[in-house]
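Let me begin by presenting the structure, written as structure tokens, before commenting on it.
In this chain, numbering begins with 1 at the start of the sequence shown. All values derive from a computational prediction rather than experimental measurement.
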Amino acid sequence: MTDPDGYTTAMRSLWGGADYRPLAARLAPASRALVDTVAPGDTEQVLDVAAGTGTAALMLRERGAAVLATDLAPRMVELGRERTAGTGIVWLEADAEDLPLPDGSADVVVSSFGLIFAPRPETALAELRRVLAPGGRLAFTAWTPDGFMGRMTTAMRAHTGTPPGVADPLDWGVPDTARRRLAGFAGIRISAHRLPWHFDSPAAMTTFLRRHSPAHAAAAAGLGGRASAMFDDVEALAGPADRPVRLDAEFLVVDATAPTR
């Protein structure tokens, strides 16, 4: 498979570029909503794609499912293995667009804010459909363009630009787009949820993001001395400088069933 403008290679490095663990903890409620949606049984084989440090994988394992967790970034796989040691979760470094897995090997595939970053949605979906057993379930989370995370992303792009030839991750947060891309799946369900996003101040929020968000850390490194202007815009979105940040970041949980062939 080709690598669109080196994007996949860049992402493999980017996601190891900050200490993601505290951010993963803040995103845990979204993983809980995702796992509650699929509610796997204890005999099911579950594949967690772009598993990060293993938040959703651990929740799935708690339900008794057999879990294979994959991630593009070697650092995420390393952290995930450390975090889930002794649980029976198996880890594999793999690209969502090119999974080294047999056809029909998963009863359930989940992805918490991971699938949305695949540069070629159709390619990634075809690959996930391939590894799903007939009648298997796919579920993933996506930020909405109009929610805080979507608006923050748009504000950052005004400074960083966007990579050419790569699909916009925020498009997954548009229900009509998600349904169109999932043509061929059945029983598509889309539900809106909100993630608490609370900090002592907008400045505390951006300090946290610089340290723990690989995307923000990479943007800051790329902009150099111009990064402060980007973070000023992000802080302005979060509210008055002298007030706590008390936001609810909207996201979608998308759930669908693979054809029975």
Side-chain angles (χ1 to χ4, degrees), residues 15-16 19-94 96 99-102 104-117 128 131-143 149 172 185 187-198 212-214 248-258:
W15 287 103
D19 182 6
Y20 180 71
R21 288 168 291 186
L23 179 55
R26 283 184 175 266
L27 300 179
S31 294
R32 176 60 66 191
L34 177 65
V35 172
D36 287 348
T37 295
V38 294
D42 58 11
T43 63
E44 291 190 295
Q45 300 288 325
V46 183
L47 170 64
D48 185 359
V49 174
T53 60
T55 300
L58 281 169
M59 294 176 182
L60 291 160
R61 189 71 187 111
E62 287 170 0
R63 288 177 174 264
V67 182
L68 171 61
T70 69
D71 202 280
L72 178 69
R75 178 57 176 160
M76 291 297 181
V77 173
E78 178 184 8
L79 291 173
R81 283 182 176 141
E82 290 175 1
R83 182 182 180 190
T84 65
T87 65
I89 296 171
V90 177
W91 284 84
L92 184 66
E93 184 182 326
L99 294 166
L101 301 173
S105 55
D107 299 305
V108 179
V109 174
V110 302
S111 185
S112 184
F113 304 119
L115 169 63
I116 62 174
F117 291 105
L128 299 186
V131 301
L132 271 171
R137 289 164 293 154
L138 167 67
F140 58 91
T141 57
W143 300 115
M149 296 301 188
W172 278 114
F185 283 79
I188 299 170
R189 300 181 299 170
I190 300 176
S191 56
H193 302 259
R194 295 185 179 276
L195 176 82
W197 192 246
H198 298 171
H212 303 300
S213 166
D248 292 313
E250 186 180 49
F251 67 96
L252 303 181
V253 175
V254 182
D255 179 28
T257 302

By side-chain contact (heavy atoms from CB on, under 4.5 Å) - contacts of Thr37 (at least two apart): Arg189, Val253, Asp255

Side-chain donor or acceptor of Arg26 paired with backbone N/O of His198 under 3.5 Å: yes

For Ala28, all residues meeting side-chain contact (heavy atoms from CB on, under 4.5 Å), sequence neighbours excluded: Thr55, Met59

Distance in Å, Arg137 CZ paired with Glu44 CD, rounded so as to fall on 0.5 Å steps: 4.5 Å

Considering all heavy atoms, the nearest Ala133-Ala258 contact: O-CB, 4.1 Å

Nearest non-hydrogen partners of Met76 and Trp91, listed with the distance: O-CZ3, 4.2 Å

Salt bridge flag under 4.0 Å for residues Arg81 and Asp71: no

Taking every non-hydrogen atom, the tightest pair across Ala56 and Val35: O-CG2, 3.9 Å

Residue pair Val109 / Val49, side-chain heavy-atom distance below 4.5 Å: yes

Distance in Å, Trp197 CH2 paired with Asp248 CG, rounded so as to fall on 0.5 Å steps: 12.0 Å

side-chain hydrogen bond (donor to acceptor under 3.5 Å, both in side chains) partners for Arg194, two or more places apart: none

Which atom of Ala139 lies closest to which atom of Val38, heavy atoms considered: CB-CG1, 3.3 Å

Which residues share a side-chain hydrogen bond (donor to acceptor under 3.5 Å, both in side chains) with Thr70, sequence neighbours left out: none

Gap separating the CG atom of Leu79 from the OG1 atom of Thr84, nearest 0.5 angstrom: 10.5 Å

Sequence-distant partners of Glu78, side-chain hydrogen bond (donor to acceptor under 3.5 Å, both in side chains), two or more places apart: Arg75

From OG1 (Thr141) to CG (Leu27), nearest 0.5 Å: 8.5 Å

For Gln45, all residues meeting side-chain contact (heavy atoms from CB on, under 4.5 Å), sequence neighbours excluded: Ala66, Asp107

Interatomic distance, Ser111 atom OG to Leu138 atom CG [nearest 0.5 angstrom]: 8.5 Å

Geometric class of the Phe251/Trp143 ring pair [parallel <30°, tilted 30-60°, perpendicular >60°]: perpendicular

Smallest separation among heavy atoms of Pro40 and Arg63, with atom names: CD-CD, 3.7 Å

Residue among Phe113, Phe117, Phe140 satisfying side-chain contact (heavy atoms from CB on, under 4.5 Å) with Trp172: Phe140

Validation row: Ile89, Asp48 side chains within 4.5 angstrom (heavy atoms): no

For Leu92 against Pro100, the heavy-atom pair lying closest together: CD2-CG, 3.7 Å

Working for side chain to side chain contact (heavy atoms under 4.5 Å, CB included), residues Val108 and Leu60: CA-CA 10 Å; Val108 179; Leu60 291 160; 5.8 Å; no

Donor-acceptor side-chain pairing of Thr87 and Arg61 below 3.5 angstrom: no

